[in-house]
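Side chains are part of it too, since the values below use all heavy atoms of this structure and drop only hydrogens, waters and symmetry mates.
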Amino acid sequence: MARWRSASSASQRSRTTAQRRISPVGRWLAEDILGGGVIDNAQTTLEIAEDGRVSGRGGCNSYGSTASIEGEKLTLSPVVATQMACPEALMNQEQKYFDALGRVAAFRLVPAEQKLLLLDADGETLVRLAAM
């Protein structure tokens, strides 16, 4: 499950709203890609590890990348994926997903809904994901 992390200092263990820092680190399931929904059984996933390693499934193939997170800015290195063949609809959705990941410039979390939005440089939503 995705974690809602809070920043803390060595000298202070209490957490206040002003100190909270929300991170996209965790496991996420795609609900929408470029405004086109998703194929229900495709299970397009994104996992961002504490060290910045990114992995998941594009719906057909497994993939990897590296995330750079600075504040609410997020960039991903080019995706490297396995090359399995799947039905055309899955391959098309996966290509849209990988293309969207290549355009990510920022993120926004919606804690009340446990959603992660991947945004382009103009702040438009590319991918909407739900916490797993």
Side-chain angles (χ1 to χ4, degrees):
M1 178 171 204
R3 289 175 283 162
W4 307 99
R5 294 187 333 178
S6 296
S8 63
S9 67
S11 62
Q12 182 180 12
R13 291 201 175 263
S14 66
R15 295 177 182 150
T16 65
T17 303
Q19 291 173 313
R20 283 182 91 180
R21 182 175 71 113
I22 299 179
S23 167
V25 169
R27 294 186 67 216
W28 305 93
L29 177 66
E31 294 183 332
D32 184 81
I33 302 167
L34 300 174
V38 294
I39 298 170
D40 287 337
N41 62 353
Q43 292 289 305
T44 300
T45 63
L46 170 71
E47 184 168 358
I48 303 175
E50 291 278 345
D51 64 2
R53 282 181 295 150
V54 173
S55 60
R57 298 218 21 104
C60 180
N61 289 285
S62 297
Y63 71 93
S65 179
T66 303
S68 175
I69 305 166
E70 186 176 316
E72 291 187 354
K73 293 181 190 250
L74 170 66
T75 55
L76 302 172
S77 67
V79 168
V80 176
T82 58
Q83 298 293 310
M84 295 175 18
C86 291
E88 186 175 356
L90 280 178
M91 296 297 291
N92 290 340
Q93 176 178 294
E94 182 174 83
Q95 189 58 56
K96 277 179 42 178
Y97 178 63
F98 291 159
D99 290 346
L101 291 182
R103 295 172 44 204
V104 172
F107 72 93
R108 181 177 326 128
L109 287 164
V110 184
E113 299 175 17
Q114 294 193 341
K115 306 286 186 203
L116 169 64
L117 306 178
L118 300 181
L119 311 173
D120 67 13
D122 295 324
E124 297 296 319
T125 301
L126 298 168
V127 182
R128 183 182 70 235
L129 303 108
M132 293 180 71

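Closest non-hydrogen pair, Ile33 versus Lys96, comes out as O-NZ, 3.6 Å. Between Pro24 and Phe107, the closest heavy-atom pair is CD-CZ, 3.5 Å. Of all heavy-atom pairs spanning Ala85 and Cys60, the tightest one is C-SG, 4.1 Å.
Note: Leu34 CG to Leu118 CG = 10.5 Å, rounded to the nearest 0.5 Å. The CH2 atom of Trp28 sits 5.0 Å away from the CG atom of Leu109 when rounded to the nearest 0.5 Å. Rounding to the nearest 0.5 Å places CG of Asn92 at 11.5 Å from SG of Cys86. With rounding to the nearest 0.5 angstrom, the CZ atom of Arg108 is 6.0 Å from the OG1 atom of Thr125. The distance from the CG atom of Asp122 to the CG atom of Asp120 is 5.0 Å, given to the nearest 0.5 Å.
Linking Ile, Leu, Val, Met, Phe, Trp and Tyr whenever their side-chain heavy atoms come within less than 4.5 Å puts Val25 and Val127 in one cluster. The hydrophobic clustering, which links ILVMFWY residues whose side-chain heavy atoms are closer than 4.5 Å, places Ile39 and Leu126 apart. Hydrophobic clustering (side-chain heavy atoms under 4.5 Å, transitive across Ile, Leu, Val, Met, Phe, Trp, Tyr) groups Leu129 together with Ile69. Using a 4.5 Å cut-off between side-chain heavy atoms of Ile, Leu, Val, Met, Phe, Trp and Tyr, with links allowed through other members, Val38 and Phe98 fall into the same hydrophobic cluster.
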Considering only distance and modelled atom types, tabulate donor-acceptor pairs under 3.5 Å from the side chains of residues 42-49, sequence neighbours left out.
unit_1	atom_1	unit_2	atom_2	d
Thr44	OG1	Gly58	O	3.4
Thr44	OG1	Gln93	NE2	3.2
Thr45	OG1	Arg57	N	2.9

Can you give the donor-acceptor pairs under 3.5 Å from side chains of residues 73-83 to other protein atoms, not counting sequence neighbours?
unit_1	atom_1	unit_2	atom_2	d
Ser77	OG	Ser65	OG	3.1
Ser77	OG	Thr66	N	2.9
Thr82	OG1	Asn61	OD1	2.8
Thr82	OG1	Ser62	N	3.2
Gln83	NE2	Ala81	O	3.3

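Under a 3.5 Å cut-off, the side chain of Gln114 and the backbone N or O of Ala131 do not form any donor-acceptor pair. Asp51 contributes a side-chain N or O that, together with a main-chain N or O of Arg53, makes up a donor-acceptor pair within less than 3.5 Å.
Every pair passing side chain to side chain donor-acceptor pair (under 3.5 Å) that includes a residue from residues 30-40 is listed here, sequence neighbours excluded: Glu31-Lys115, Glu31-Arg128.
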